[in-house]
Student: 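I'd like to ask you about the structure that follows.
Below, all heavy atoms of this structure are taken into account, side chains as well, without hydrogens, waters or symmetry copies.
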Amino acid sequence: MDWGVAYWMGRHSCCADADLRAGSLGRKQDDRFLVAAMCLSAYLWSPFVWGVWGVPVRPASPALPAGWVSIHTDYGELSNLSYVTTSLRLVPRVLRDLESGDRVVLLPEGIAGPWLTGTRAIWQPVLQYTAKHPSTTVLLGADVLSGRQKYVDALIQMHDGREKILPDRIPVPFSMWHPWAPRNSFRMHVFGNPELATVDGVRVGYLICYEQLLVWPALGLWHSGVQVLLAPADVWWARGTSIPAIQRVSVDAWARFLGVPVLRAVNL
């Protein structure tokens with residue numbers, strides 16, 4: 001767990017203590033308010049402290065289901081035609097994985113670029129394969145058009161010949177979400193539904209890139225019956241820094257917190 005997560009959780013817990021303490025003094029109540037605040041803080045804070053020091057909050061995480069794999073890439077920054085060439089490279093690779101017996105294949109965040117007619121045509125062989133082999137699923141990172149000149153950072157779930165959009169909730173502020181310029185901005189939906197899906201008969205939660213460093217999206221998966229955590233990311237811009245390692249540690253901590261295995265796919 002990165003210290004940023006721990007800091008923010010501790011900060012909010014301390015704020016709750018202070019607010020309740022002030023309220024109890026203002027109303028000249030007894031110390032029951034303070035005791036309740038301290039108990040609440042301990043309840044919220046302890047899982048994150050345990051995560052920092054590597055103590056599992058729940059029993060040891062089980063192994064990933066058989067046949068669940070991911071594809072890591074090192075394509076760096078992608079744009080325009082490079083999205084096309086990348087998809088043309090990846091489609092045969094995904095098909096080889098499926099033909100070798102893999103059941104679920106996860107790809108990095110945004111690796112397909114804008115999910116438009118041309119992109120769909122390139123990935124059509126994969127969609128057709130899932131139609132002929134309904135036990136297989138491909139989860140592809142893409143930018144899904146949402147309204148005029150707006151996008152959703154999402155996973156495209158290809159299964160049984162159909163597509164399903166699995167949207168994120170919190171894209172990176174300013175670089176992806178542009179509150180001052182809606183055009184070419186990604187949707188922000190902080191208070192949306194928890195990021196859950198059913199893949200290969202398994203209940204999964206997913207955190208897309210930036211969300212892996214935040215508290216709110218992960219807490220939404222708590223007590224939801226999640227069995228696997230998916231962690232796609234695109235961190236080409238942080239190559240050569242400690243950021244990818246910090247993100248990896250954070251994802252591992254969330255997986256321990258939820259008591260589930262994690263399947264990650266990263267583009268560097």
Student: Is there a path of hydrophobic side-chain contacts, each under 4.5 Å between heavy atoms of I/L/V/M/F/W/Y residues, joining Val94 to Tyr129?
Tutor: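 Per the 4.5 Å side-chain linkage, Tyr129 and Val94 are co-clustered.
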Student: Between Asp97 and Arg103, is the closest basic N to carboxylate O distance under 4.0 Å?
Tutor: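 Between Asp97 and Arg103 there is no salt bridge, as every charged N stays at least 4.0 Å from the carboxylate O atoms.
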Student: For residues 135-144, which side-chain donor-acceptor pairs fall under 3.5 Å, sequence neighbours excluded?
Tutor:
residue: Thr136; atom: OG1; partner: His133; partner atom: O; Å: 2.7
residue: Thr137; atom: OG1; partner: His159; partner atom: ND1; Å: 3.2

Student: Are Val84 and Leu127 connected in a single hydrophobic cluster, I mean Ile/Leu/Val/Met/Phe/Trp/Tyr linked by side-chain heavy atoms less than 4.5 Å apart?
Tutor: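 Yes, same cluster.
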Student: Does Thr241 have any side-chain contact (heavy atoms from CB on, under 4.5 Å) partners at least two apart in sequence or in another chain, and if so, which?
Tutor: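 For Thr241 the side-chain contact (heavy atoms from CB on, under 4.5 Å) partners, ignoring immediate neighbours, are Ala238, Ile243, Pro244.
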Student: Gln247: which residues meet the side-chain hydrogen bond (donor to acceptor under 3.5 Å, both in side chains) condition with it, sequence neighbours left out?
Tutor: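 With sequence neighbours excluded, Gln247 shows a side-chain hydrogen bond (donor to acceptor under 3.5 Å, both in side chains) to Gln212, given in chain and number order.
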Student: Could you measure the distance from the CG atom of Asp153 to the OG atom of Ser146? Nearest 0.5 Å is fine.
Tutor: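 The OG atom of Ser146 is 12.0 Å from CG of Asp153, to the nearest 0.5 Å.
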Student: Mind checking the CZ-CG spacing from Phe257 to Asp252? Nearest 0.5 Å is all I need.
Tutor: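 Going from the CZ atom of Phe257 to the CG atom of Asp252 covers 15.0 Å.
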Student: Would you mind writing out the side-chain donor-acceptor pairs for residues 106-126 within the sub-3.5 Å range, not counting sequence neighbours?
Tutor:
residue: Glu109; atom: OE1; partner: Asp234; partner atom: N; Å: 3.0
residue: Trp115; atom: NE1; partner: Glu163; partner atom: OE1; Å: 3.1
residue: Thr119; atom: OG1; partner: Pro114; partner atom: O; Å: 2.8
residue: Arg120; atom: NE; partner: Glu163; partner atom: OE1; Å: 3.3
residue: Trp123; atom: NE1; partner: Ser87; partner atom: OG; Å: 3.0

Student: Counting C-beta onward and ignoring hydrogens, is there a side-chain heavy-atom pair between Val69 and Leu263 closer than 4.5 Å?
Tutor: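 No, their side chains stay 4.5 Å or more apart.
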Student: When hydrophobic residues are tied together by side-chain contacts of less than 4.5 Å, even through go-betweens, does Val215 share a cluster with Val262?
Tutor: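 Result: yes, single cluster for both.
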Student: CG of Leu88: more than 12 outside heavy atoms within 6.0 angstrom?
Tutor: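 Yes, CG of Leu88 has more than 12 neighbouring heavy atoms, counting only those of other groups under 6.0 Å.
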Student: Sorted by first residue and then second, give each salt bridge (Lys or Arg N to Asp or Glu O under 4.0 Å) pair with at least one member in residues 69-94; sequence neighbours left out.
Tutor: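 Not a single pair qualifies under salt bridge (Lys or Arg N to Asp or Glu O under 4.0 Å).
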Student: Given Leu196 and Ser224, is the side chain to side chain contact (heavy atoms under 4.5 Å, CB included) satisfied, shown in steps?
Tutor: CA-CA 8 Å; Leu196 298 166; Ser224 63; 3.7 Å; yes
Student: Considering residues at least two apart in sequence or located in another chain, which fulfil the side-chain hydrogen bond (donor to acceptor under 3.5 Å, both in side chains) criterion with Asp160?
Tutor: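 With sequence neighbours excluded, Asp160 shows a side-chain hydrogen bond (donor to acceptor under 3.5 Å, both in side chains) to Arg162, given in chain and number order.
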Student: With sequence neighbours excluded, tell me which residues meet salt bridge (Lys or Arg N to Asp or Glu O under 4.0 Å) with Arg169.
Tutor: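 With sequence neighbours excluded, Arg169 shows a salt bridge (Lys or Arg N to Asp or Glu O under 4.0 Å) to no residue whatsoever.
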Student: Going by side-chain contact (heavy atoms from CB on, under 4.5 Å), name the residues that satisfy it together with Ser82, two or more places apart in sequence or in a different chain.
Tutor: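 Scan of Ser82 (side-chain contact (heavy atoms from CB on, under 4.5 Å), adjacent residues dropped) gives Leu78, Ser79, Thr85.
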Student: Ignoring hydrogens, what is the shortest heavy-atom contact between Pro167 and Ala154? Give both atom names and the distance.
Tutor: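 In terms of heavy atoms, the two residues are closest at CA-CB, 3.9 Å.
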Student: Shortest non-hydrogen contact from Pro261 to Ala63?
Tutor: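 Distance-wise, the nearest heavy atoms are CG-O, 3.8 Å.
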Student: Indicate yes or no: at least one non-hydrogen side-chain atom of Cys209 is less than 4.5 angstrom from one of Val172.
Tutor: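 Not touching, per the 4.5 Å side-chain cut-off.
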Student: So, using side-chain hydrogen bond (donor to acceptor under 3.5 Å, both in side chains) as the criterion, who are the partners of Arg187 when residues are at least two apart?
Tutor: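 Listed in chain order: nothing, the list is empty.
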Student: Linking I/L/V/M/F/W/Y whenever any side-chain heavy atoms sit under 4.5 Å apart, do Val105 and Leu95 land together?
Tutor: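 Both belong to a single hydrophobic cluster.
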Student: Thr73: what forms a side-chain hydrogen bond (donor to acceptor under 3.5 Å, both in side chains) with it, not counting sequence neighbours?
Tutor: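 Partners of Thr73 under the side-chain hydrogen bond (donor to acceptor under 3.5 Å, both in side chains) test: Asn267.
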Student: For Arg248, check salt bridge (Lys or Arg N to Asp or Glu O under 4.0 Å) against everything at least two apart and list the hits.
Tutor: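 Testing Arg248 for salt bridge (Lys or Arg N to Asp or Glu O under 4.0 Å), a comparison that skips the adjacent residues, returns none.
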Student: Find out if a path of hydrophobic residues (ILVMFWY) with successive side-chain heavy-atom gaps under 4.5 Å connects Val226 to Val104.
Tutor: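 Per the 4.5 Å side-chain linkage, Val226 and Val104 are not co-clustered.
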Student: Write down the atom of Pro171, the atom of Met176, and the distance for their closest heavy-atom approach.
Tutor: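 So the minimum-distance heavy-atom pair works out to CB-CB, 4.0 Å.
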Student: What pair of heavy atoms forms the shortest contact from Glu195 to Asp168, and how long is it?
Tutor: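 Closest approach of Glu195 to Asp168: OE2-CA, 3.1 Å.
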Student: Hey, mind stepping through Trp216 and Glu211 against side chain to side chain contact (heavy atoms under 4.5 Å, CB included) and telling me if it holds?
Tutor: CA-CA 8 Å; Trp216 188 250; Glu211 296 176 322; over 6 Å; no
Student: Is there side-chain contact between Val204 and Leu229, with heavy atoms separated by less than 4.5 Å?
Tutor: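 Result no, sub-4.5 Å side-chain heavy-atom pair not found.
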Student: Where do Arg264 and His72 land on the side chain to side chain contact (heavy atoms under 4.5 Å, CB included) test, with the steps shown first?
Tutor: CA-CA 8 Å; Arg264 71 183 88 237; His72 298 284; 3.7 Å; yes
Student: Test your reading of the model: is there a side-chain donor-acceptor pair from Gln157 to the backbone of Thr198, 3.5 Å cut-off?
Tutor: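 Yes, Gln157 side chain to Thr198 backbone: donor-acceptor pair under 3.5 Å.
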Student: If you compare all heavy atoms of Leu230 against all heavy atoms of Trp68, which two are closest, and at what distance to 0.1 Å?
Tutor: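 Closest approach of Leu230 to Trp68, heavy atoms only: CD2-CZ3, 4.3 Å.
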Student: Ignoring hydrogens and geometry, is there a side-chain-to-backbone donor-acceptor pair from Gln227 to Arg203 under 3.5 Å?
Tutor: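 Yes.
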Student: Can you name the residues that form a side-chain contact (heavy atoms from CB on, under 4.5 Å) with Ala131, not counting sequence neighbours?
Tutor: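 Checked Ala131 against side-chain contact (heavy atoms from CB on, under 4.5 Å); zero matches.
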Student: Would you compute the distance between atom CG of Leu221 and atom CG of Leu207 and round it to the nearest 0.5 angstrom?
Tutor: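 These two atoms lie 5.5 Å from each other.
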